[in-house]
Amino acid sequence: LVPDCAATFMMPRLIGVSRAMELAITGRKVSAREALEMGLVNRVVPDADLSAETAKLARKLAGMPTRAIGLTKRAINSAWSTDLDTQLELEADLQAIAQETRDHREGLSAFIEKRSAVFTGE
């Protein structure tokens, strides 16, 4: 069989063609530390801490401006298949959308008032 589940699409982009080719062809297992060093994963935590670390990240994301997160994901995902000028236009368009949200106004108010923002996703 061949690698699937988008591995042939993502791995060269994440770790380079030569590393992706080696891993895909040889099937060599990669340790957590090596996966971190290659950029296959963002962080490594002990097994015992996985649930707590996952919950901590979920809480952090839940407290952030979800609309801005979605727009950011859209911009980053589009960068793979576009040129710089088109990407800059998209960023400007998405920034205009983000600036019209309640979360943007809340973020500015919280910054000025030196308090934590309370985002609602609106």
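Worth saying up front: this structure is predicted, and the values here are computed from it rather than measured.
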Note to self: If I compare all heavy atoms of A32 with all of V41, which pair ends up nearest, and what's the gap?
What the structure shows: O-CG2, 4.5 Å
Next item on the list: Inspect the surroundings of CG in D49 and state if more than 12 heavy atoms from other residues, nucleotides or ligands are less than 6.0 Å away.
Entry: yes
Check: Which value, rounded to the nearest 0.5 Å, describes the distance between L94 atom CG and E89 atom CD?
Finding: 11.5 Å
Check: Counting only N and O atoms by type, is there a donor-acceptor contact under 3.5 Å from the side chain of Q99 to the main-chain atoms of H104?
Finding: no
Checklist line | Any donor-acceptor N or O pair under 3.5 Å, side chains T101, E122 | finding: no
Notebook entry, point to check: Atom OG of S31 and atom CE of M38: how far apart are they, to the nearest 0.5 Å?
Noted result: 8.5 Å
Next item on the list: Mark yes when over 12 heavy atoms from residues, nucleotides or ligands other than R102 sit less than 6.0 Å from its CZ; otherwise mark no.
Entry: no
Next item on the list: Look at atom CG of D83 and say whether more than 12 heavy atoms of other residues, nucleotides or ligands are closer to it than 6.0 Å.
Entry: yes
Next item on the list: Look up atom CZ in R74 and atom CD1 in I69, then write down how far apart they are to the nearest 0.5 Å.
Entry: 16.0 Å
Note to self: Using the rule given for side-chain contact (heavy atoms from CB on, under 4.5 Å), can you reason through R33 versus V44, listing the C-alpha separation, both sets of side-chain angles and the distance that settles it, and then say yes or no?
What the structure shows: CA-CA 7 Å; R33 178 163 307 286; V44 174; over 6 Å; no
Note to self: Please give me the minimum heavy-atom distance between G107 and A117, naming the atom from each residue.
What the structure shows: CA-CB, 4.4 Å
Check: Given side chains that start at C-beta, do those of R105 and L108 come closer than 4.5 Å, heavy atoms only?
Finding: no
Note to self: Grouping I, L, V, M, F, W and Y whenever their side-chain heavy atoms are under 4.5 Å apart, do F9 and L14 come out in a common cluster?
What the structure shows: yes
Next item on the list: Determine the minimum heavy-atom distance between V30 and E34, stating which atoms define it.
Entry: CG1-CB, 3.6 Å
Next item on the list: Kindly check if the number of other-residue, nucleotide or ligand heavy atoms within 6.0 Å of CZ (R115) is above 12?
Entry: yes
Next item on the list: Taking the side chain as every heavy atom from C-beta outward, state whether T8 and V2 have any atom pair closer than 4.5 Å.
Entry: no
Checklist line | K73 side, atom NZ; L71 side, atom CG - distance, nearest 0.5 Å | finding: 11.0 Å
Next item on the list: Walk me through it: do V17 and M11 pass the test side-chain contact (heavy atoms from CB on, under 4.5 Å)?
Entry: CA-CA 8 Å; V17 173; M11 285 182 51; over 6 Å; no
Item checked: Expected output: side-chain R13 to main-chain W80 donor-acceptor under 3.5 Å -> no
Next item on the list: Keeping the roles fixed (side chain from E106, backbone from V118), state whether a donor-acceptor pair exists under 3.5 Å.
Entry: yes
Note to self: Give me the atom names and distance for the closest heavy-atom approach of I15 to A20.
What the structure shows: CD1-N, 3.7 Å
Notebook entry, point to check: Same cluster for L23 and M10 if Ile/Leu/Val/Met/Phe/Trp/Tyr side chains link at under 4.5 Å?
Noted result: yes
Notebook entry, point to check: Short question: side chain of D103, backbone of G121 - any donor-acceptor pair under 3.5 Å?
Noted result: yes
Margin query: Working to the nearest 0.5 angstrom, can you tell me the gap between R67 CZ and T120 OG1?
Written below: 11.0 Å
Next item on the list: Report yes or no: does T82 contribute a side-chain atom to a donor-acceptor pair with the main-chain N or O of A79 at less than 3.5 Å?
Entry: no
Margin query: Using 0.5 Å steps for rounding, measure from the CG atom of L40 to the CZ atom of R19.
Written below: 8.5 Å
Checklist line | Side chain T54, main chain L50, donor-acceptor under 3.5 Å | finding: yes
Next item on the list: Kindly give the heavy-atom pair with the smallest separation between A24 and P3, and that separation in Å.
Entry: CB-CG, 3.7 Å
